Amino acid sequence: MAKYNPKEVEPRWRSRWEQDGVFRTRSPEEAGGRPKYYVLEMFPYPSGAIHMGHARNYVMGDVVARFKRAKGFNVLHPMGWDAFGMPAENAAIERGIHPKSWTYENIATMRSQLKLLGLSIDWEREFATCDPEYYGKQQKWFLELMGRGLVYRKESVVNWDPVDNTVLANEQVVDGLGWRSGAPVEKRRLTQWFLRITDYADQLLEGLTTLDRWPDKVRLMQENWIGKSQGLRLKFPLVGAFTTGADIAGIEVYTTRPDTLFGASFVGLATDHPLAEALAKSNPEIAAYVEEARRGASTEAAIEAGEKTGIFTGIYVTHPFDPEWKLPVWIANFILMGYGTGAIFACPAHDQRDLEFARKYGLPVLPVVAPPNVDSLTFNIEDEAYTGPGTLVNSRFLDGMTVEAGLTAAIAKAESLGLGEGATVYRLRDWGVSRQRYWGCPIPVIHCAKCGPVPVPDADLPVQLPDDVTFDVPGNPLARHPTWKHTSCPSCGGAAERETDTLDTFVDSSWYFARFANPHAETPIDREMADYWLAVDQYIGGVEHAVLHLLYARFITRALADEGMLGVREPFAGLFTQGMVTHETYRGADGKWVEPTDVDLKVSGTTRSATRLSTGEPLVIGDIEKMSKSKKNVVAPQEILDTHGVDAGRLFVLSDSPPERDVQWTAGGIEGSWRFVNRVWAEFEDLPADDDPADDPAAETALRRATHKAIKAVSEGFDNFRFNSAIARLYEFVNIIKAADATAVGPAARREALSALARLISPLVPHLAEECWAQLGETGLIVDAPWPDFDPAMAADNELVLPVQINGKRRGEIRVPPGLDDGAVREIALSDEAVVRHLEGSTVRKVIVVKDRIVNIVAG
RNA sequence: GCGGACGUGGCGGAACUGGUAGACGCAACAGACUUAAAAUCUGUCGCCCGAAAGGGAGUGUGGGUUCGACUCCCACCGUCCGCACCA
């Protein structure tokens, strides 16, 4: 018996698929009555090589695509490249390679690696976001959104990454550090381009409720990120005239607790509040404080410590509900300009931050909410603010009300006084998309001294990146290019300059799924094709994009829909976030990481030890972590291809863990998958002669039932993204087929089992499945074969084993036909020999029969 | 601090809407084949008592609901993730 040889088999079937063009997408006309199904995995950044995490991601998508295709769907399963971004420029800076050639070379490498995985991808639809054809279309819709007022330019304090030398969006700052560089982010005041995502805040929030095939976790993260809150916008009139800068009559604050207004102690301003800035101009002390607070706020240590500081402005405001009541105005470092109005009223008794500030600067603390069951006369605030429910006290017209009633009453009062109105505030801020980098999509705008920013005319699109750029000095190569930015104003014809900022690469990935509907269309999106294919039925990718890519794409989809370019308002109907591929780590006595290929593992009892193969030195077995070059715990897909073939690798990455969880790569695990591949092949290699007589009807029926059960269970597993369970059922099924070899099962039943098996494994191990299919004498390809159906009658048992419990303890079991009525089951259970023995000396009080499940006898 | 998820054998993990806990795989052990090893095949395999038949407790800990709880409720312990001076 020859061993299965993936090195020979796998390439043979891949070239057959390619020759026959089986994965070319069918047009709606070609599809006939087949319903469409769009499967998409988050497209990769062309970093240089496909790693195991990529492989798991794309294999999952491929299983879905192949399964749906066999089930009769017209499947779209494309692939592209998220190809703009910093690493290409870093390669240029470090190694003198042009970003363009670095990127396209990586794409070529990774494309061929992906093809080795045997993915059912329509490669005719491939594109990279750095193709001028793609980013030119992006520029076109960008200008259309600009026409709708969704794109604007403003000066603001932005997150500046001092290592990557560029601005970052809020979503790209993690714990005060740049998401790519890891450098502490600084605050800078710059003029930037923004997309008005806040216009869509409410519908992005509402839309989440329709995404019932998204993980709750991701929806919750987006909900929190958007951060809707209801409250009151309220004006505190200034005491006396204030003439520095603009004409300011009062300070507008935002609060969610207007019920505590009578506990007000002071009004606080953010350091970059317009009034604070105006004051800083005339008052050097304030200027010095503001300057220092701003610097301090950007260091990680200061954020961690959370120390509250402030300075009194010398200004007072009056309480909105009492013109006689004067409150001091402070500037404080804990107030954020980007949220609400950048100004607050402070109620120290019922807000922890306000309390800390008030204690530090000796400001009044007036309790106005008495907790339930607490004597309001003895109630006092020490060093912890009370934020729970209760009754309002010391609050004049609000006295005696609950917190909820007080909220409504205070808002009504403020509105009747004309000093405020109920307001909804979001945490979400507009998306800053300017990047001071070369390798990105140029923002198609021309700055004219006379006309201001002018859109590049349609006929001049795309605005292409120049190839002749240098990276010898830091900063944006586009800005210092000798000629590129110099042009004439499309409006007045005078001399003008191009915008040298490029777009955040998350803009590139916010619409690529729509471009796949027709990647060569003249318009950015082929509306007719997009209407057919979108929304994406199943999107698959890492959870790390929960509030980045996935929020941006939802926003852009809605914006483009409002522009009439798209017919859907949600891009991804189904989302699946898959876990990572991890591996144990090993390090030597010197603390240096050692690659798994250089490690010898020994097991004795329950303890495991590791030694280094090359030197024999003992190693420390470390944590199980995401495969990464720095920890050297990487297994390259190529290594598996060389030793066990693609199919064994595909099988393993989906085997041992549920797909949403991390899977730990182990040598034993891949061996197990390889064994399975060989066990399957062994069943097909020596097929029995067709005239083998069957003389064991019982064994034959058992095999047929197992076949239909397997079809049912495996189909359900694939439908519900439970690949690990589906694989377990396939292992069981193969064990049963193998066991049936020893019995006299006729060729028809055996053939039925093997034909089903080949098709059931085909999404997972497609090369092996084709080989098995051919071995069965089938002339067509298994990728074109329909998914096997099961007969519900055959998939059900003809005899059930019901456990019989006495007082909840299992005491026996009975054999009954399915569907037998409760009375009959009861009789059989009560007459069972083991049951009778256990019931001796006690009386039966009650018998609970759960049909086809269990019998529980209550006795005593 | 706020929000969320999860705790099951030596390990990864099964268990549908409350109904036989430990499927399937890995590791381990024993045996067959082999001059030997690998590969392959067969068997055993959560814990305690027992030679076995059988019995006992058991899904992080403590309580509760139920004829019946890994599953539902309450409290606690632990791990992981997200947000974080959001007024």
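Convention: sequence-line order gives letters A, B, ...; per-chain numbering from 1. Nothing here was measured: the structure is a model prediction, and the numbers come from that model.
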Contact class for L220(A) (heavy atom, under 4.0 Å): base, sugar-phosphate, or nothing?
sugar-phosphate
Extract from the structure each pairing of a protein N or O with an N or O of nucleotides 44-47 of chain B at less than 3.5 Å, listing the distance.
none

Can you list the residues that meet the salt bridge (charged side-chain N to carboxylate O under 4.0 Å, His left out) rule with K235(A), with sequence neighbours excluded?
none
OP1 or OP2 of A23(B) less than 4.0 angstrom from a side-chain nitrogen or oxygen of R729(A), does that happen here?
no
For nucleotides 13-15 of chain B, print each protein N/O atom paired with a nucleotide N/O atom at under 3.5 Å, atom names and distance only.
| residue | atom | partner | partner atom | Å |
| --- | --- | --- | --- | --- |
| A14(B) | OP1 | N724(A) | ND2 | 3.3 |

Pick base, sugar-phosphate or nothing for V801(A), based on heavy-atom distances below 4.0 Å to the nucleic acid.
base
Tell me the partner of U44(B), counting only Watson-Crick (N1-N3 plus N6-O4 or O6-N4) or G-U wobble (N1-O2 and O6-N3) with both under 3.5 Å; none if nothing fits.
A28(B)
Pair up each side-chain donor or acceptor in residues 715-727 of chain A with any protein partner under 3.5 Å, not counting sequence neighbours, and list the distances.
| residue | atom | partner | partner atom | Å |
| --- | --- | --- | --- | --- |
| S715(A) | OG | I711(A) | O | 2.6 |
| S715(A) | OG | W787(A) | NE1 | 2.8 |
| N720(A) | ND2 | E716(A) | O | 3.0 |

Contacts under 3.5 Å, N or O only, protein and nucleotides 52-59 of chain B:
| residue | atom | partner | partner atom | Å |
| --- | --- | --- | --- | --- |
| G55(B) | OP1 | H838(A) | NE2 | 3.1 |
| G56(B) | OP1 | R811(A) | NH2 | 3.3 |
| G56(B) | OP2 | R811(A) | NH1 | 3.3 |
| A57(B) | OP2 | K809(A) | NZ | 3.2 |

Pairs under 3.5 Å (N/O, protein and nucleotides 74-76 of chain B):
none

Do R853(A) and C16(B) share a donor-acceptor pair, side chain to base, under 3.5 Å?
yes
What nitrogen or oxygen pairs link the protein and nucleotides 66-68 of chain B at under 3.5 Å?
| residue | atom | partner | partner atom | Å |
| --- | --- | --- | --- | --- |
| C67(B) | O2' | N856(A) | ND2 | 3.2 |
| C67(B) | O2 | N856(A) | ND2 | 2.7 |

Sorted by chain and number, sequence neighbours left out, ring pair (Phe, Tyr, Trp, His ring centres under 6.0 Å) with Y586(A) holds for none
Kindly write out the residues that satisfy side chain to side chain contact (heavy atoms under 4.5 Å, CB included) with K809(A), not counting sequence neighbours, or none if the list is empty.
R811(A)
Under the side chain to side chain contact (heavy atoms under 4.5 Å, CB included) test, which residues partner E660(A), sequence neighbours left out?
F576(A), P658(A)
Is the distance from OP1 or OP2 of A87(B) to the nearest side-chain N or O of Y339(A) less than 4.0 Å?
yes
Centroid separation F357(A) to W330(A) less than 6.0 Å:
yes
Return the value, rounded to whole Å, for the distance between atom CZ of R679(A) and atom P of A39(B).
15 Å
Got a sec, which residues hit side chain to side chain contact (heavy atoms under 4.5 Å, CB included) with D351(A), two or more places apart in sequence or on another chain?
R353(A), D354(A)
Closest to the side chain of R427(A), out of A84(B), A27(B), C24(B), is A84(B)
Partner nucleotide, any strand, of U71(B) [Watson-Crick/G-U, under 3.5 Å]
none
Which residues pass the side chain to side chain contact (heavy atoms under 4.5 Å, CB included) test with Q805(A), not counting sequence neighbours?
I854(A), N856(A)
